[in-house]
Amino acid sequence: MRLLRGRVGDASPARKRAALASLCVAAVLVPLVVRDGYVIHLLNVLGIYVILSSGLNISVGLAGLLHLGYAGFYGLGAYCGAIISTRVVPGSWLGFWAGLPAAVAIGMLAGALVGAPSLRLRGHYFAIATLGFGEIVRSLMLNLTGLTQGPFGIKAIPSPKLLALDLGQGPRFYYLVAAFASLALYGIWNLQYGRFGRFWRAVREDETVAQVMGVDVFAAKMWALMISSALAAVAGWLYAHYVSYINPSNFTLDESILVLCMVILGGRGTFWGPIIGSALLVLFPELLRPIAELRLLVYGAALVVLMAVRPEGVVGAG
Amino acid sequence: MLEVEGLKASYGGITALHGISFRVEAGEVVSLIGANGAGKTTTLKCISGVVRPVAGAIRFAGRDITGLPPHEIARAGLMHVPEGRRVFSLLTVRENLLTGGFLAGDASAAKRNMEKVLSLFPVLGERMAQLGGTLSGGEQQMLAIARALMASPKLLLLDEPSMGLAPVLVERIFDTIHEIAKDGIPILLVEQNAGMALETSNRAYVMERGRIVMEGPAGLLAADRRIREAYLGGGGTRG
């Protein structure tokens, strides 16, 4: 646990790097040891949630922006990827990859659209604006039937391919997700412990002082939101091609709240918090499957106890 | 260096500043003294852009900075150390200093400034990896001043640096202000501790209810009977 206390200053940089390196090695070894397809599937889902929660942590944990519509950005990325693979470049392995830059672009653009009016104001406007955005995206998914098939969703999304190699099969998708999650985490690591991370945390701690220290608070928040949004869209793009069928009910407020819970339970503002929060909320409910109908009850009670005992999250430090 | 002319400010219809004018020349320490609610803090907030003035002009180093956003005013070299210390409590001491350091220009300038502020406040050097919020009140005040110095300021605005500190620390903070001024950085100091402020300053302005009521060399003001009575504990109400 000591090693995992992700708050800056707690562990030396060398130690933090060692922790990160051992995580990477473990991730590479997993499919060689674990042969169970169900476990691999859970890990794939976990990988997608790690991208989502670590991405959301930039806005919520570092920049202190209460974001309530993250599923909207996740859904935008998923629909963008799905539409490109099934309609724009159908039947080619390029369709999958073309979705990536498109998802990043649409995520950042949507982030800028939501942020431009709401980030200039202090108070709860941002939370309300993102909440509204999530609902707008869902309503667009339901009503732009020509593009999205409305409530029927988009079926038969091809699995990811690289030339003739099917990346959707068995542990290959695991490695694909692990690669993107690692890339995202690497980038976040550098942002978080660099100048940007310092500015975001300064803005979160005291906006006025950050301003008089020369930080352009609006720009700092805008970058946080746009990077968060782009990561959500990338996660959505991966998700759509993994499950091969998406519909608007995948991207509701419940999903936004779930990812927010991962960030808060794990420890917002820390590097490891969202990763641990994702592991808890993806794996724990599965462990409870044997007790069937009592599952949600125990799950809910466990969350309440965790928040009562460690309100700052598993790895958070006050 | 800094010229303020006819500055007016109000909070939701209540006028806090009724058109005040003053200036700070290069190499000077100037203090604004006065009772609570006289408008001293509002004046500093207007200068650093945190509060938008209703009327008047603020010129800094020959440039009109009235109404500019705070981060641009900071980037012009005017650093505000706000009242109540306000260090970033969940950032380490080093990170607190580095937030100021990015305005220093380049990495080597930031490094030089870091050495300079650590020799000014050696205690911060021992606390580099500690979170800002875990420092004592006096240390937090030193960190707040050091953080501003990291930016190589051309003018320092200090708001109540002695507030809430033990007398021995108040002495220590004023010694530091002396040293900073000796280094050639002009300071505009807002203080309720008028005695210490006048001892440290070249000139001073006395504020009352949003107006400047007296001004002059600090030594003359300290000797003035009315000032002694009103602000230096020579009878009457203390501000």
| task | Show your working on side chain to side chain contact (heavy atoms under 4.5 Å, CB included) between B:L90 and A:R201 and close with a plain yes or no. | result | CA-CA 8 Å; B:L90 288 179; A:R201 283 177 293 139; over 6 Å; no
| request: Identify the two heavy atoms, one from B:R75 and one from A:G214, that lie closest to each other, and give their separation to 0.1 Å. | output: NH2-O, 2.8 Å
| Which atoms of B:I73 approach chain A - backbone, side chain, both or neither, heavy atom under 4.5 Å | neither
| remark: Whatever's closer than 4.5 Å to a heavy atom in chain B on A:R198 counts as both
| Salt-bridge present (B:R86, A:E205; N to O < 4.0 Å) | no
| said: Applying salt bridge (charged side-chain N to carboxylate O under 4.0 Å, His left out) as the test, list every pair that has at least one member in residues 100-117 of chain B; sequence neighbours left out. | reply: none
| query | Passes side chain to side chain contact (heavy atoms under 4.5 Å, CB included), B:H71 versus A:V212? Steps please. | reply | CA-CA 6 Å; B:H71 64 269; A:V212 301; over 6 Å; no
| field | Best-contacting candidate, B:G133, B:S89, B:P69, B:A151, against chain A by heavy atom pairs under 4.5 angstrom | value | B:S89
| said: Just verifying a value: how many Å separate A:T208 OG1 and B:H80 NE2, rounded to the nearest 0.5 Å? | reply: 10.0 Å
| task | Sort B:R147 into side chain, backbone, both or neither according to what part of it lies under 4.5 angstrom from a heavy atom of chain A. | result | both
| query | Would the number of heavy atoms belonging to other residues, nucleotides or ligands and lying under 6.0 Å from CZ of B:R94 be above 12? | reply | no
| When heavy-atom pairs shorter than 4.5 Å are enumerated against chain B, which of A:D206, A:V217, A:D216 gives the highest number? | A:D216
| task | For side chain to side chain contact (heavy atoms under 4.5 Å, CB included), just list the numbers for A:M213 and B:M79, CA-CA rounded to whole Å, side-chain angles, deciding distance to a tenth of an Å, and then say yes or no. | result | CA-CA 7 Å; A:M213 295 308 297; B:M79 294 308 276; 3.6 Å; yes
| request: State the CD-OH distance between B:E95 and A:Y193, to the nearest 0.5 angstrom. | output: 9.0 Å
